[in-house]
2 protein chains.
Amino acid sequence: MTATSPKRVTIADVARRAGVSPSAVSHAFNGRPNVSEATAARIRAAADELNWRPNYASRKISGQGGRSLGLVIARSRDTFGRDPFFMRLLAGLTEPLADIGWSLSLTLVQADEEERVYRQWWGEQRVDAFLLVDVRDDDPRLGLVEQLGAPAVLLGAPVEDGVPAVTVQDETAFATVLDHLAGLGHRGVARVTDAPGLAHTGARDRRFSRAAAELGVEATFVAWDPAAGDPVADLLGRLGAATAIVVDSESIAAQIVAHAPEVGVRVPDQLSVVAWEDSWVSTLVRPRLTALDAPVEESARTAVALLEQLVRGEAAESRTVSGRRLVVRDSTAPAPQ
Amino acid sequence: MTATSPKRVTIADVARRAGVSPSAVSHAFNGRPNVSEATAARIRAAADELNWRPNYASRKISGQGGRSLGLVIARSRDTFGRDPFFMRLLAGLTEPLADIGWSLSLTLVQADEEERVYRQWWGEQRVDAFLLVDVRDDDPRLGLVEQLGAPAVLLGAPVEDGVPAVTVQDETAFATVLDHLAGLGHRGVARVTDAPGLAHTGARDRRFSRAAAELGVEATFVAWDPAAGDPVADLLGRLGAATAIVVDSESIAAQIVAHAPEVGVRVPDQLSVVAWEDSWVSTLVRPRLTALDAPVEESARTAVALLEQLVRGEAAESRTVSGRRLVVRDSTAPAPQ
DNA sequence: TTGTAAGCGTTATCAC
DNA sequence: GTGATAACGCTTACAA
């Protein structure tokens, strides 16, 4: 079973059945105006009966642009797997892509294979555009896609020009968070980051500092060290005078609240924790995480819209989507005395 | 920027540069024996300099089978997003696929769109095989792929024939779990299931009953009701004499242990909980979940191997992968008196 | 409004 | 060992 079926039905079969020429079928299927509604209907009926659909490879080779978005993620299985953001992204991408007849080609690569995969997929014409995630400082992929001439959109990175980007409006996000914390009496707040090379890190650092200064809160920065024996204990030991932390990664924030009491720090009594992303995971741990929900699905939809413009040859402007919103749960509380 | 580059390099350019004919290039690139090693090297060099790769659509249209695996998931964004299994699956699929030059086309669909998408992707020749997950009782997709003549492999379902399947060996898994629980003094154990229509549910039910009978444990079945106001409280209220539960879904198990104490049930003192799948989520909640780890990555690799056989026209036998293993953590303890 | 014919970039066939 | 030449299934001028 499942040997490839002997004879594939082609446009010629449909044409024959509808009593027209192949090109008429093509016209009808591509919404070209030069075919009467009557024959178009006949053609569609014939195609339906034969269960025919235009062959993807054929139409691609004959000029009609393809419809496949490449998503190449340079992460280990593990760091990919424990980031709920990606589930939201994948799920959010899928629907707008389907709406325009595109599909998503996904792969995970090791860092040193990354460029090869972009070159290969583009060179083979396997994909027709790329979505760039986890954008790093001086990301080589920006130059690469430009060199290749591949349409590409950045997700989540504040890059100025070249490749259009979709970013989440978070000018005011830190102000919102710090306002919440300051209102609870916190005077020292630390920002916890992993993945130092990521392009958004610097921008967020600056916004954090600025927002803190405006509110008279002392801002510090602490790096998450996954190599430490007990990363949570290690981190908590380096917090200095901070009584609250804002954690870039939701899964790390979750780890922190789950494990902190076991190393002698009570959340939220002694330490308040805010996660910079939100998902079901934040509701799973105890105390539930106060988190900044980002409009991931809308970002995905916007990115797809930009991509569509690009492949049509139109220029595409970077866009900002708004909708960050602080979801206050149980991991933030008044500062300890 | 990023307008499609004006001129694409083709096999003819490479041939010209290497001073050979296009077919020689093709031969060299497809490991055909009729080209000398010397010219092959020259050809490869020329291709490298020009950064050329065989056009995917062109080679596909000219008979060479494609290399794209379709994965169509009929889940809502939400149920997809909160199942860590899928992250493991995607990550695990990606590497063996890359090894054989395939890519993964992923989409989420609503149940009533499912068949249409399979037909469309196959009809367009957009994919060359399917991986079927979330197989249901009397799953219509089995007949569908057979009718289409599409190579397909089932993942995780104990289906007898037609489409080859990859399943995880869990003949002994329930025995292992129940042995663990019986050893802790539990005499009544409930199996908690969501997703009643799934094909593996029945088989697991039977194995659970059998293993329980052999160990003299009373087996009961309880359905998770997501529509209840407080699904956890609702479930706990229907447990009868059971002092331990085995939960089919890891994320539900996590929800249960997290929320149970809030509705007056202490885990593991009053109730032991075992999750039927394992991931980082099990280590996140408190108490950490005792869970059955499944060899997801190996399943994925095996499925890809079967798929490869199928598209080459060979027959493929269903396979079972072993390696289920009970990871004892903190959610299981001696039965209450 | 419809049909004819020429590509698109590759692989396969079959002479050379 | 190498190179013309004809497919592959579709789109798209252009002619009817």
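For the numbers below, each heavy atom of this structure counts, side chains included, while hydrogens, waters and symmetry mates do not. Residue numbers start from 1 in every chain, and the chains themselves are labelled A, B, ... in the order their sequence lines are given, proteins ahead of strands.
The nearest whole Å value for the distance from the CG atom in Asp13(B) to the C1' atom in dC8(C) is 14 Å. Spacing between atom CZ of Arg32(A) and atom P of dT1(C) amounts to 14 Å, rounded to whole angstrom units. Taking atom NZ on Lys60(B) and atom P on dG9(C), their separation rounds to 19 Å, with Å as the unit. Protein atom CZ of Arg59(A) is 20 Å distant from nucleotide atom P of dT10(C), rounded to whole Å. With rounding to whole Å, Trp52(B) atom CH2 is found 11 Å from dT11(C) atom C1'. Atom CG of Asn30(B) is separated from atom C1' of dG9(C) by 13 Å (rounded to the nearest Å).
By the salt bridge (charged side-chain N to carboxylate O under 4.0 Å, His left out) test, Arg141(A) pairs with Glu114(A), Asp139(A), sequence neighbours left out. Annotation: side-chain hydrogen bond (donor to acceptor under 3.5 Å, both in side chains) contacts of Ser322(A) (sequence neighbours excluded): none. A search for side-chain hydrogen bond (donor to acceptor under 3.5 Å, both in side chains) contacts involving Ser62(A) returns nothing, not counting sequence neighbours. By the salt bridge (charged side-chain N to carboxylate O under 4.0 Å, His left out) test, Arg53(A) is found to be paired with no residue, residues two or more places apart in sequence or in another chain being considered. With sequence neighbours excluded, no residue forms a side-chain hydrogen bond (donor to acceptor under 3.5 Å, both in side chains) with Ser299(B). In terms of the ring pair (Phe, Tyr, Trp, His ring centres under 6.0 Å) criterion, residue partners of Phe130(A) (sequence neighbours excluded) are, by chain and number, Tyr118(A). Taking the side-chain hydrogen bond (donor to acceptor under 3.5 Å, both in side chains) definition, one finds that Glu37(B) meets it with Arg44(B), sequence neighbours left out.
Crowding of Glu49(B) atom CD: a count of heavy atoms from other residues, nucleotides or ligands under 6.0 Å exceeding 12.
Contact footprint of chain B on DNA chain D: nucleotides with an atom under 4.0 Å from a non-hydrogen protein atom, first to last in 5' to 3' order, dG1(D) to dG9(D).
Two residues, Gln64(A) and Ser58(A), neighbour DNA chain D, and the one matched to the more 5' nucleotide by heavy-atom proximity is Ser58(A).
An end-to-end axis angle of 40° holds for the helix from dT1(C)-dA16(D) to dC16(C)-dG1(D), taken from five base pairs per end and rounded to 10°.
At a threshold of 4.0 angstrom between heavy atoms, the contacts of Ser26(A) include nucleobase atoms, whether or not backbone atoms are also involved.
Applying the ring pair (Phe, Tyr, Trp, His ring centres under 6.0 Å) definition to pairs two or more places apart or across chains, those involving residues 85-114 of chain A are Phe80(A)-Phe86(A). Residue pairs satisfying the salt bridge (charged side-chain N to carboxylate O under 4.0 Å, His left out) criterion with at least one member in residues 22-31 of chain B, sequence neighbours excluded, are absent.
A salt bridge links Arg312(A) with Glu308(A): the distance from a Lys NZ or Arg NE/NH1/NH2 to an Asp or Glu carboxylate oxygen falls below 4.0 Å.
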Considering only nitrogen or oxygen atoms on both sides, find all protein atoms under 3.5 Å from nucleotides 3-7 of chain C and state each distance.
unit_1	atom_1	unit_2	atom_2	d
dG3(C)	OP2	Ser21(A)	N	2.9
dG3(C)	N7	Ser23(A)	OG	3.2
dT4(C)	O4	Ser23(A)	OG	3.0

